[in-house]
Amino acid sequence: MAAPDRPAIGIFDSGVGGLTVVRQIAERLPAERIVYLGDTARVPYGTKSAETVIRYARACASVLLKRGIKMLVVACNTASAHALAALRDELAIPVLGVIEPGAHQAVQTTKSGRIGVIGTSGTISSGAYQNAIHALNSAAQVFVQPCPLFVPLVEEGWTEGPIPKQIASAYLAGLLEHNIDTLVLGCTHYPLLKNVIGEVAGPRVTLVDSAESVADVVAETLQCMGATAEGLSSGNTFLVSDAPESFDRVGGRFLGRGIDKVEWVDF
Ligand code: DGL
């Protein structure tokens with residue numbers, strides 16, 4: 001009889017972008033089994049109301065809970081901003097979001113205390129990053145900018161060249177006038193624009209990638225729970241709520257390698 005699958009880390013996002021978080025967690029914790037859900041039927045979350053995003057997040061969590069997960073990671077910044085508190089209240093397993101780890105890294109990184117945050121319209125208007133940064137350092141000055149065009153640019157693969165650079169220049173001009181020294185990439189898609197954003201922001205601004213910070217928090221939490229996996233991972237599972245072939249095609253760019261198999265789930 002085959003050995004039962006070890007309990008997995010469940011990760012969800014509105015679509016393909018959360019694979020940037022999977023990539024960091026898989027590199028940091030190669031023995032862990034990951035079950036990823038991309039809610040491709042309902043993407044984007046970034047333009048939707050808090051109530052709607054909370055409803056979607058609950059539905060994603062319940063799909064993953066049925067797959068035997070020991071921890072839930074909300075890879076989507078917008079869902080972390082709106083739904084983390086509700087999921088933490090309602091679920092019996094640890095629930096981690098990307099905003100607290102990103103805010104923590106920003107506060108550790110800044111020297112001037114002047115921090116910029118970019119994200120979807122939903123994330124920025126929720127005030128979640130501003131609150132998380134101020135909870136850690138009440139003297140920090142936080143300047144924010146929604147960048148809604150970045151998500152479709154990345155989805156189209158336009159991550160280099162004059163067009164993304166022009167758009168980044170327009171979005172970042174106001175933040176740079178505030179002399180920020182740290183810029184939080186507060187959206188799953190923005191790590192793929194790191195080169196362009198870095199060029200526009202210049203060498204005096206350090207970019208903080210929330211996806212990198214969350215992998216450390218996942219590792220620490222598993223250790224505290226005594227639930228760290230050992231040996232070789234039995235492989236990862238990728239679920240989507242629509243269009244598996246397009247997830248497969250675009251996903252490789254986010255994950256940094258090909259995706260073995262994508263399963264379509266209806267919920
Ligand atoms: N995953 C979303 C986020 O990190 C970006 C894409 C969307 O709007 O759904 O905020």
Side-chain angles (χ1 to χ4, degrees), residues 10-25 36-61 64 72-84 87 95-103 105-106 116-132 144-159 164 167-168 171 183-194 197 207-215 238-243 246-247 250-251 253-255:
I11 305 178
F12 82 85
D13 177 47
S14 53
V16 78
L19 292 174
T20 53
V21 175
V22 173
R23 181 179 185 164
Q24 297 294 338
I25 294 176
Y36 180 84
L37 171 62
D39 190 9
T40 45
R42 298 170 183 86
V43 69
Y45 284 10
T47 51
K48 305 217 161 74
S49 69
E51 292 71 20
T52 298
V53 173
I54 292 171
R55 187 157 46 84
Y56 292 173
R58 282 189 176 124
C60 290
L64 288 170
L72 178 67
V73 179
V74 183
C76 177
N77 286 256
T78 310
S80 296
H82 292 314
L84 198 70
L87 294 177
V95 182
L96 305 182
V98 284
I99 293 191
E100 285 160 8
Q105 202 188 320
V117 179
I118 53 177
T120 64
S121 305
T123 297
I124 297 302
S125 64
S126 75
Y129 269 107
Q130 298 89 312
N131 295 338
V144 297
Q145 175 65 49
C147 303
L149 289 178
F150 279 172
V151 168
L153 271 183
V154 170
E155 294 275 342
E156 284 296 315
W158 280 16
T159 51
I167 295 172
Y171 277 145
L183 179 62
V184 181
L185 307 180
C187 173
T188 47
H189 287 57
Y190 300 178
L192 276 88
L193 288 165
K194 232 181 208 169
I197 295 171
L207 304 184
V208 167
D209 178 349
S210 299
E212 279 172 24
S213 330
V214 81
F238 296 94
L239 313 172
V240 291
S241 49
D242 199 8
S246 118
F247 180 90
V250 182
R253 279 206 304 273
F254 287 81
L255 195 58

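For the numbers below, each heavy atom of this structure counts, side chains included, while hydrogens, waters and symmetry mates do not. Read the numbers this way: they start at 1 and go in the same order the structure lists the ligands and their atoms.
For the pair Tyr171/Pro148, a side-chain contact is recorded, criterion being any heavy-atom separation below 4.5 Å from C-beta on. Residues Glu155 and Val16 form a side-chain contact, since some pair of their non-hydrogen atoms from C-beta on lies under 4.5 Å apart.
Closest non-hydrogen pair, Thr40 versus Asp242, comes out as OG1-O, 2.6 Å. Taking each heavy atom of Phe247 and Gly15 in turn, the nearest pair found is CE1-O, 3.9 Å.
Ser126 places no side-chain N or O within donor-acceptor distance of the main-chain N or O of His82, the cut-off being under 3.5 Å.
Considering backbone and side-chain atoms together, Asn77 places an N or O closer than 3.5 Å to an N or O of ligand 1.
When heavy-atom distances to ligand 1 are checked against a 4.0 Å cut-off, Val43 comes that close only through its side chain, counted from C-beta outward. Contact annotation for Thr188 and ligand 1: heavy atoms of both the backbone and the side chain come within less than 4.0 Å of the ligand. Under 4.0 angstrom from ligand 1, the non-hydrogen atoms of Thr78 come from both its backbone and its side chain.
Interface of Thr120 with ligand 1, defined as ligand atoms under 4.0 Å from a residue heavy atom, comprises 5 (C), 8 (O), 10 (O). Within the listing of ligand 1, atoms 7 (C), 8 (O), 9 (O) sit less than 4.0 angstrom from a heavy atom of Tyr45. Every atom of ligand 1 with a heavy atom of Asp13 under 4.0 Å away is listed here by number and element: 1 (N).
The number of heavy atoms from other shown groups lying within 6.0 Å of CD (Glu212) is above 12.
Closest to atom 6 (C) of ligand 1 among all protein heavy atoms lies Ser14 OG, 3.6 Å. Looking from atom 8 (O) of ligand 1 to the surrounding protein, the closest heavy atom is Gly46 N, 2.8 Å.
Ligand 1 is approached by Cys187 to a heavy-atom distance shorter than 4.0 Å.
With hydrogens and angles left out, the side-chain atoms of Tyr129 and Ser210 include a donor and acceptor closer than 3.5 Å.
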